[in-house]
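Read the structure below first, then the notes.
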Amino acid sequence: MSRFTLLTLALCLSGVAVCFVRPSLSAAAAPQPCAAPLQWEGRTVQYDHNTGRNTRAVVSYDGQNQRLRVLEEKRKHTPCKRYFEYIYLFNSGVLFQIEQVTKTCAKLNLTEEWDPYDIPMNSTYEDQYFIGGPGDMIEVQEWSDRKPARKHETWVGVYTLKDCYPVQETYAKNSSVTTSTRFFDLALGISDPGVFVPPSTCLSAIPELGLQFSLLSSLRTKLKQTWLLSVSLVVGERKQWACLD
């Protein structure tokens, strides 16, 4: 040990000098999941990695009352293509599916638990970075459900660092079902609570035993994927087929 080192150590021990030890990176506080807004409106575009198909929708999200409204956006005319509106009322355990043109309404009992748009507290921190470039960028954090015992994650969420808005969520149910949803044009609050009120055609709707659907959903949730469903709806003795592109 050099004389300088010995002198420095003696001064520290005697209180003559104040000595600082640089904390290690492992001692720094670990990032914690932020609290996402409970109510917002905005738009989404969901990409199905298997089919290569994009689905756009206007979304009203009410986490306080556990309800969600999804309105498919009409982007182009496609033969046999129907566009739907979905109203999820989790407190009542009911999902309404409304065909946008005819207003034909189907009622389905919800069996899934409410799963909010947020970062679960047991999520794994992945990264923090900027989206965009100099003079026009926003800082985000990336989280996942990756665990040490599991090699691959099934959910990855990107949320803004400042206000915890969702930016993108990716779900992988299996090797053939993976979807990515981007969020944009978000605004806090619900401008029209009436969007959660089903139309009058739903008053006489009863739970459809003939409503068969295939959800492109993740292990974490079903409610965030259902505007990609392929529906065979039986109404009385008449069948209406919802065709995909």
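This structure is a prediction, so every number in the text was calculated from the model and none was measured.
Tyr83 is not listed as a side-chain neighbour of Val101, based on a closest heavy-atom distance of 4.5 Å or more. Residues Ile98 and Cys202 are in side-chain contact: their nearest non-hydrogen atoms beyond the backbone lie under 4.5 Å apart. When side chains are defined from C-beta on, Lys162 does not count as touching Ile138, because their heavy atoms never get closer than 4.5 Å. Side-chain contact between Gln141 and Cys34 is absent, with no heavy-atom pair separated by less than 4.5 Å. Contact annotation: the side chain of Glu112 never approaches that of Leu95 to less than 4.5 Å [non-hydrogen atoms, C-beta and beyond]. Put simply, the side chain of Glu41 does not reach to within 4.5 Å of the side chain of Val58, judged on heavy atoms. Counting only heavy atoms from C-beta outward, the side chains of Asn65 and Phe196 never approach each other to under 4.5 Å. Side-chain contact check for Trp155 versus Ser123: some heavy-atom pair is nearer than 4.5 Å.
The pair Arg67-Asp62 meets the salt-bridge criterion, with a side-chain N (NZ, NE, NH1 or NH2) lying under 4.0 Å from an Asp/Glu carboxylate O. Salt-bridge formation is detected for the pair Glu85/Arg69: a Lys NZ or Arg NE/NH1/NH2 atom is positioned less than 4.0 Å from an Asp or Glu carboxylate oxygen.
There is no path of hydrophobic side-chain contacts, each under 4.5 Å, that joins Leu186 to Leu161. Connection of Val158 to Val59 is not established within any shared hydrophobic cluster, with ILVMFWY side chains joined at heavy-atom distances below 4.5 Å, either directly or through further cluster members. Transitive grouping of hydrophobic side chains (ILVMFWY, heavy atoms separated by less than 4.5 Å) keeps Val140 and Trp40 in distinct clusters. Linking ILVMFWY side-chain heavy atoms closer than 4.5 Å, directly or via other members, places Leu68 and Phe90 in a single hydrophobic cluster.
Residue Tyr125 comes nearest to Gln128 through the heavy atom pair OH-CB, 3.1 Å, listed as atom of the first residue, atom of the second, then distance. Contact detail for Phe84 and Gln100: the closest heavy-atom pair is O-NE2, 3.2 Å. Taking each heavy atom of Pro33 and Ile119 in turn, the nearest pair found is CB-CG2, 3.6 Å. In plain terms, the two heavy atoms of Gly63 and Trp114 that are nearest each other are CA-CZ2, 3.7 Å. Of all non-hydrogen atoms in Tyr159 and Ala36, the two that sit nearest each other are CE2-CB, 4.2 Å. Of all non-hydrogen atoms in Val195 and Ile87, the two that sit nearest each other are O-CD1, 3.6 Å.
With values rounded to the nearest 0.5 angstrom, Thr124 atom OG1 is found 7.5 Å from Asn122 atom CG. Atom CD of residue Glu72 and atom NZ of residue Lys81 lie 5.0 Å apart, to the nearest 0.5 angstrom. Note that OH of Tyr47 and OG1 of Thr178 are 10.5 Å apart. Values are rounded to the nearest 0.5 Å. A distance of 9.0 Å separates OG1 of Thr160 from CD1 of Ile131, quoted to the nearest 0.5 Å. The distance from atom CD1 of Ile190 to atom CD of Gln64, rounded to the nearest 0.5 Å, is 9.0 Å. The CZ atom of Arg43 lies 10.5 Å from the CZ atom of Arg182; values are rounded to the nearest 0.5 Å.
Judged as a salt bridge (charged side-chain N to carboxylate O under 4.0 Å, His left out), the pairs with a partner in residues 121-132 (not counting sequence neighbours) are, in order, Glu126-Arg146.
Looking at Asn54, its side chain never comes within 3.5 Å of a backbone N or O of Val45 through a donor-acceptor pair. With Thr51 contributing its side chain and Arg53 its backbone, the two residues share a donor-acceptor pair below 3.5 Å. In terms of modelled atom types and a separation under 3.5 Å, the side chain of Glu99 and the main chain of Thr102 share a donor-acceptor contact.
Taking the ring pair (Phe, Tyr, Trp, His ring centres under 6.0 Å) definition, one finds that Phe130 meets it with nothing, sequence neighbours left out. In terms of the side-chain contact (heavy atoms from CB on, under 4.5 Å) criterion, residue partners of Ser180 (sequence neighbours excluded) are, by chain and number, His49, Gln168, Thr170.
Atom CG of Asp136 is surrounded by 12 or fewer heavy atoms from other residues, nucleotides or ligands within 6.0 Å.
Among Tyr165, Phe183, Tyr117, the one residue that satisfies the ring-ring contact (aromatic ring centres under 6.0 Å, His included) test with Tyr61 is Tyr117.
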